[in-house]
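Structure, as C-alpha cells:
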Amino acid sequence: MNRYRMIAALATIYMVFAILLNSVGTVILQSIHTFGIDKPQASLLELFKDLPIAVTSFLVASFLPKLGYRRAMMLALVIVGGACALMPLYPSFHTTELLFTCVGVSFALAKVSVYSSIGLLTHDKAEHGRLTNTIEGLFMLGVLASGWLFSAFIDHANPENPSWFNVYWVLSAMCFATVALLWGATLDESAAHGGMASSMGQALRQMYRLLMRTLVYVFLLSAFLYVLIEQSFSTWLPTFNNEILKLPNAMSIQMASILAGATALGRIVAGQLLRRMPWHVLLNLCVVGMGTLIVLVLPLAREATVTADTGWFNAPLAAYLIPLIGLLMAPIYPVINSVALSSLPKPAHAAMTGLIVIFSALGGTLGSRITAIVFSSFGGIHAFYFSLLPMTLILVTLFFFKRETDRAGVPGPLAPEGAA
C-alpha cells in the first residue's frame, strides 16, 4: 500500500469537494443576480446539495466496503466532473440544481470513503486524530480557494453576466486529474471487510445498533448542531457582505473567504492545543467564544457604512471580524468525529460515517433554510443572531458527549495523558 500517495489523494479529493460544496453561497448570490430569483428559491440549492448527501449516505454507507473505497471515490469524481462540464454548456438555474444534486451524491460516496480510509491508514487514536484534523484543515483551504476562484470569473462591472459559469471547466479538469491520482494509488481495504453488511436489512440493522448507543446519538446531535451553525455562516456570508455591508459582488465573495482561511488556521492551531488540554475544554471555550463574537460584532455591522471606492483597506471592520468565527468553529467538527470514530471497530466506520454525513446534511439544509427565511423576513443581522440558539444547544450536547466518552473510556485525539 502506497500510504503517502493515498493520503495525498484523500487530501486532494477533499479539497476538490470543498471548492464545490462551499461554492453554494457564491452560486446563491450569483443566481439571485443572473437569474433574478429570490432568496428562499435560491436557498433550495442547499437542499439539492444536502438531501442527496443524506439519502445516498443512508443507502450506500454499509455497502461501500464491497464496492471498495478507492473505486467509490473515483466514481464520485467522474460523476461530479461530468456535471461540472454541463454547467458552461447549458447555463441555467435548473442546470445548477442538477450540479448540486450530483455534488451531493458524489460527496456522500467520497466522504464515507475518505473517513473510512483514514481508519485504514492510521494505527492508533492519536494518529487518527492528527490525520482527521489535517484532512479537515485542507478541506478549509479548498473552501478558501473557492471564493477566489469563483470571483476570478465574475464580471465585476456586470455581475449578472453568466461568464462565471466558465469556472466549471477548471473544476471539471480538477476532478479528472484527481481520478488519475487515485488510479495510481493503492489501499489495503481488507480490515474493513469484517462484519460488512451483505443486505439492505443487515445494513439498516447495523446503523440501528449504532444509533442505540448513547454516545453515538449524542455525538450525532452535536454534529447536526455544528453543521447547522457552520452552514448558516458559510452559505450566507457572501450575501450578508453584499446586502448588509454593501460590498460589491466579487469583493463580498472574496471577503467571505476569510471565514475559510480562519477555519483552516484554527484547525492547525487546534492540533497543537489538543496536545496540551482536554478536547472537551477546548470545544466548550470555542463555543462560548463564538457566541461572544456574535454579540460584540453584529452591532458594528448594523452601523457599517461604505463609499463608492470601498476596497480591502477601507472595508467595514465587521467584514473582517465576523469571518473570525471560523477560528473558533474550526476544531469542533473534526474533534468530535475523531472521538466518535476511534471508539468504534474499523468495520463499523462506514456505517458510522454514513450516519455522520446524514445528520450533517440535514443540519446544513436546515441551517441554510432557516437563515434564508429569517434573512428575507427580518434581515441579515437577525439571521446571524439566530445562531446563538444552536450555539447554546451544542454546549448541552457536548456535556453529554463528554459524559458518554468517559463511560466508554474513549480518550480524545491528541489529548494529554489521562485526559478523556
Side-chain angles (χ1 to χ4, degrees), residues 10 12-31 42-61 64 72-115 135-136 138-140 142-147 149-150 153 164-179 182 227 230-231 234-235 238 253 260 353-354 356-358 360-369:
L10 297 185
T12 306
I13 291 164
Y14 238 45
M15 291 185 74
V16 168
F17 276 100
I19 294 171
L20 287 163
L21 286 166
N22 290 275
S23 68
V24 68
T26 300
V27 176
I28 283 174
L29 175 60
Q30 287 304 113
S31 295
S43 74
L44 291 176
L45 290 179
E46 194 80 57
L47 178 65
F48 276 94
K49 171 174 68 73
D50 288 336
L51 188 59
I53 291 175
V55 172
T56 304
S57 299
F58 180 75
L59 293 176
V60 308
L64 279 185
M73 288 183 272
M74 293 171 68
L75 174 62
L77 289 164
V78 168
I79 292 172
V80 81
C84 284
L86 290 176
M87 289 290 286
L89 296 175
Y90 304 99
S92 71
F93 189 66
H94 290 308
T95 307
T96 307
E97 292 171 335
L98 174 63
L99 169 73
F100 281 109
T101 301
C102 292
V103 168
V105 170
S106 300
F107 182 65
L109 293 171
K111 182 165 185 175
V112 174
S113 300
V114 168
Y115 262 63
I135 294 292
E136 288 287 349
L138 290 170
F139 182 90
M140 297 315 301
V143 177
L144 175 62
S146 178
L149 179 62
F150 272 79
F153 287 83
W164 59 275
F165 277 89
N166 289 319
V167 70
Y168 289 102
W169 289 121
V170 177
L171 293 170
S172 181
M174 291 174 65
C175 289
F176 288 106
T178 308
V179 170
L182 270 173
V227 177
E230 182 192 45
Q231 290 301 308
S234 63
T235 299
I253 295 165
T353 306
I356 293 171
V357 176
I358 290 169
S360 297
L362 293 175
T365 297
L366 185 60
S368 180
R369 188 67 178 168

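Keep in mind the model is a prediction, meaning the values are calculated, not measured. Basis for what follows: all heavy atoms, side chains included, without hydrogens, waters or symmetry-related copies.
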task = Please step through side-chain contact (heavy atoms from CB on, under 4.5 Å) for the pair Leu21 and Ile53, ending with a clear verdict.
result = CA-CA 11 Å; Leu21 286 166; Ile53 291 175; 4.2 Å; yes
Measuring from atom [atom1] of [X] to atom [atom2] of [Y], what distance do you get when rounded to the nearest 0.5 angstrom?
{"X": "Leu77", "Y": "Met73", "atom1": "CG", "atom2": "CE", "result": "9.0 Å"}
{"X": "Leu89", "Y": "Cys84", "atom1": "CG", "atom2": "SG", "result": "11.5 Å"}
{"X": "Asn22", "Y": "Glu230", "atom1": "CG", "atom2": "CD", "result": "7.0 Å"}
{"X": "Lys49", "Y": "Ser23", "atom1": "NZ", "atom2": "OG", "result": "9.0 Å"}
{"X": "Met74", "Y": "Ile79", "atom1": "CE", "atom2": "CD1", "result": "12.5 Å"}
{"X": "Thr178", "Y": "Leu182", "atom1": "OG1", "atom2": "CG", "result": "7.5 Å"}

Heavy-atom closest pair, residues [X] and [Y]:
{"X": "Gly81", "Y": "Ser172", "result": "O-OG, 2.9 Å"}
{"X": "Phe100", "Y": "Val24", "result": "CZ-CA, 3.8 Å"}
{"X": "Leu47", "Y": "Pro52", "result": "O-CD, 3.6 Å"}
{"X": "Ala85", "Y": "Pro88", "result": "O-CD, 3.4 Å"}
{"X": "Phe107", "Y": "Phe17", "result": "N-CE2, 3.6 Å"}

task = Take Val27 and Trp164, measure what side-chain contact (heavy atoms from CB on, under 4.5 Å) needs, and give me the verdict at the end.
result = CA-CA 9 Å; Val27 176; Trp164 59 275; 4.0 Å; yes
message = Does the plane of the ring in Tyr168 sit parallel, tilted or perpendicular to the ring in Phe150? Use 30° and 60° as the thresholds.
response = perpendicular
key: Leu99 and Phe48, any side-chain heavy atoms less than 4.5 Å apart   = no
ask   = Sub-3.5 Å donor-acceptor pair from the side chain of Thr101 to the main-chain atoms of Glu97, do we have one?
value = yes
key: Ser146 side-chain N/O to Gly142 backbone N/O, donor-acceptor pair under 3.5 Å   = no
inquiry  = Distance alone, cut at 3.5 Å: any donor-acceptor contact between the side chains of Ser92 and Thr95?
reply    =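 The criterion, which ignores hydrogens and geometry beyond distance, is satisfied for Thr95 and Ser92.
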request  = Answer yes or no: does atom CZ of Phe176 have more than 12 heavy-atom neighbours from other residues, nucleotides or ligands under 6.0 Å?
outcome  =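 Result for CZ/Phe176: enclosed.
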Stepwise side-chain contact (heavy atoms from CB on, under 4.5 Å) check, Leu20 with Ser106 = CA-CA 11 Å; Leu20 287 163; Ser106 300; over 6 Å; no
task = Would you please test Met87 and Trp169 for side-chain contact (heavy atoms from CB on, under 4.5 Å) and show each step?
result = CA-CA 8 Å; Met87 289 290 286; Trp169 289 121; over 6 Å; no
